Amino acid sequence: MADTVRVRFAPSPTGELHIGGARTAIYNWAFARAMGGTFILRIEDTDPERSTEENKQVILRAMRWLGLDWDEGPEVGGEFGPYLQTQRFDTYTEALEILKERGAAYPCFCTKEELDAKRAAAEANEGGYSGYDRTCRALSAEEAQARIDAGEPHVWRLKVPEDHGPVEFDDAVYGHMSFPIDVMDDMILVRTDGTPTYNFAVVCDDANMEVTHVIRGDDHLSNTPRQILIYEALGRPVPTFAHLSMILGADGRKLSKRRNATSVEEYRDRGYLSDALVNFLALLGWSLDGETTIIDRATLCREFSLDRITKKDAVFDETKLDWMNGQYIKEMGADAWAQASRPWLVQSGADEADIDARPEWYAKLYPLVAERLQRLDEVPDKLAYMFWGGRVELDEKSVTKILTKEGARADEVLRAVRDILADESIPWECEPLQERVRTLTETLDMKAKGVFQPVRVAVCGNMVSPPLFESIELLPREDILARIDQTLSEVFGA
Ligand code: GLU
């Protein structure tokens, strides 16, 4: 085995990359980085009915979006390739040859009907079914060969050693594990059609790719003793295993497609940042010190260790993810924000060409919302008013609460504000405009709120928008005046 750490993430391309898979990928990636090791991406596409090229592409895209760069694997290559199981069939054949030579595998000619009947009979008995009854294990080598030569369909099974004690290993998360040998089936390694089973392919690949640590979901825990028997039969060193507990929803139930968003790209499309999602997923079962919550990639890649993984089920708390995403948005800076927000800016009414033409203007929107967003899909709700041009979409509730409320004098205010904003001698900048409008509190003998709120509604359509004069400064004077005029005429018939 290699003396430096080699780990792999081995998704089956039978669907999108889901949250659980992404966490497994992050742990492997961070562990490789922390140990100065190698992170391998291997695509386990041996199930021809469920594996598709499209799913593979979706997984690679999600991995790239998460920023989980792999050192070996599809698109990057590597000396242990190919990294698609369907391209590795000759290596499984070779491994089977080794097992045959070592007398550790045997052909089994039992038909499906025979096996089904045996299982049914066993299940009817008190002891129940405890695996294949090993009929073909008793065949002599000559007879088996004769039947193979005659073209009789057969699978290849592992000859589980009879003198073996319990299968034991020290899991890096679960601790010492022990499985009695007598429950170990003579499992199928190669099917009638020559394709390898999951357990066989995984062991061949992990052995040939010199994987040192297998970090994966604990749904594979029961496969591990079986896989260890295959390593031993091949005479190859057994890697260290680390099994990760389940991720539960806030309701304490397993995450499911129906009740939760489960794929990485769904989270991307709901406006989560990959930095935040990586941070959040890293903490679902691992902790730096039990308290730090914001852990950037660099820290994660330096500090990640297997001994701080817990075997307690992790709970996916979406409120915490939202909060964390908000923290990342606050820190990301204007340019990165404008770049990441592009689809939602377009949804707000921005023009693709305009975004390309005036990146500085778009960057100026960031301070308006940096502290107010938890997800980027909130951008349209917060910023649509910046793209209305000379129109305003008045929110009814704000109109009744602010503009037409008894004694509000909003029409008077709006006319006075219009005069100020129409005065070209005042620079079109936040501070001087705001100061001049503030003088109205004296002239009109009103509270600041009474002056500013109607302007906010007339410009932004509602009473809860981002900072007002900072917004006004970014829009053309004629558009602001047109919005005030529209409000005066729509609401006051003036
Ligand atoms: N391809 C398997 C899966 O997607 C992973 C196998 C493993 O990590 O050993 O569940």
Side-chain angles (χ1 to χ4, degrees), residues 5-32 37-53 55-60 62-63 66 68 70 72-74 80 82-89 91-92 95 167 169 171-174 177 187 189 195-231 234 236-247 254-255 257 262-264 281 285 306 309:
V5 162
R6 291 178 57 81
V7 289
R8 82 318 190 262
F9 175 53
S12 306
T14 53
E16 291 182 78
L17 180 61
H18 54 77
I19 286 300
R23 183 197 51 177
T24 303
I26 291 167
Y27 283 21
N28 277 285
W29 169 79
F31 184 60
T38 301
F39 175 49
I40 304 163
L41 178 61
R42 182 173 74 224
I43 302 293
E44 307 211 320
D45 56 348
T46 47
D47 179 346
E49 259 138 53
R50 298 172 61 222
S51 303
T52 66
E53 174 62 24
N55 284 334
K56 186 189 106 188
Q57 291 303 337
V58 170
I59 289 171
L60 298 188
M63 291 285 289
L66 285 169
L68 306 179
W70 52 98
E72 294 177 24
F80 295 83
Y83 295 91
L84 260 58
Q85 284 190 327
T86 44
Q87 294 174 5
R88 300 181 63 81
F89 275 63
T91 65
Y92 310 134
V167 184
F169 62 98
D171 189 275
V173 177
Y174 279 78
M177 305 292 290
M187 75 198 95
L189 304 171
T195 59
T197 55
Y198 158 72
N199 277 319
F200 188 48
V202 164
V203 171
C204 293
D205 291 348
D206 285 341
N208 288 333
M209 293 181 182
E210 298 185 15
V211 166
T212 57
H213 296 71
V214 171
I215 306 169
R216 62 183 173 195
D218 68 2
D219 48 329
H220 287 291
L221 198 49
S222 62
N223 284 320
T224 301
R226 295 179 171 78
Q227 294 180 6
I228 288 175
L229 289 174
I230 302 176
Y231 280 104
L234 285 167
R236 303 292 290 264
V238 178
T240 300
F241 291 93
H243 287 94
L244 310 176
S245 65
M246 266 198 321
I247 302 178
K254 195 169 177 266
L255 283 191
K257 278 205 182 106
T262 50
S263 88
V264 166
L281 292 176
L306 298 182
I309 298 177

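These figures come from a predicted structure and were not determined experimentally. The figures that follow rest on heavy atoms only: side chains count, while hydrogens, waters and symmetry mates do not. Order of appearance sets the numbers: ligands from 1, and atoms from 1 within every ligand.
Residue contacts with ligand 1: V214 is placed with no nitrogen or oxygen under 3.5 Å of a nitrogen or oxygen of the ligand (distance criterion only).
Because its NZ or CZ atom is not both nearer than 6.0 Å to the ring centre of F80 and within 45° of the ring axis, R8 does not count as a cation-pi partner of that residue.
When F9, Y27, F241 are each tested for a side chain to side chain contact (heavy atoms under 4.5 Å, CB included) with R216, only one passes: F241.
Atoms of ligand 1 lying under 4.0 Å from at least one heavy atom of E44, given by number and element, are 1 (N), 2 (C), 5 (C), 6 (C).
For the pair R236 and D206, the salt-bridge criterion is not met [side-chain N within less than 4.0 Å of a carboxylate O]. Between K56 and D45 there is no salt bridge, since none of the side-chain N atoms of the basic residue sits less than 4.0 Å from a carboxylate O of the acidic one.
For atom 10 (O) of ligand 1, the nearest protein heavy atom (residue, atom name, distance) is H220 NE2, 2.9 Å. Regarding atom 5 (C) of ligand 1, its nearest protein heavy-atom neighbour is A10 O, 3.3 Å. Of the protein's heavy atoms, S12 OG, 3.3 Å lies nearest to atom 4 (O) of ligand 1.
When all heavy atoms of V7 and A32 are compared, the closest pair comes out as CG2-CB, 3.7 Å.
Classification of the Y92-F200 ring pair by plane angle, with boundaries at 30° and 60°, yields tilted.
The shell of residues lying under 4.0 angstrom from ligand 1, judged by heavy atoms, includes Y198. The closest approach between any non-hydrogen atom of R8 and ligand 1 is below 4.0 Å.
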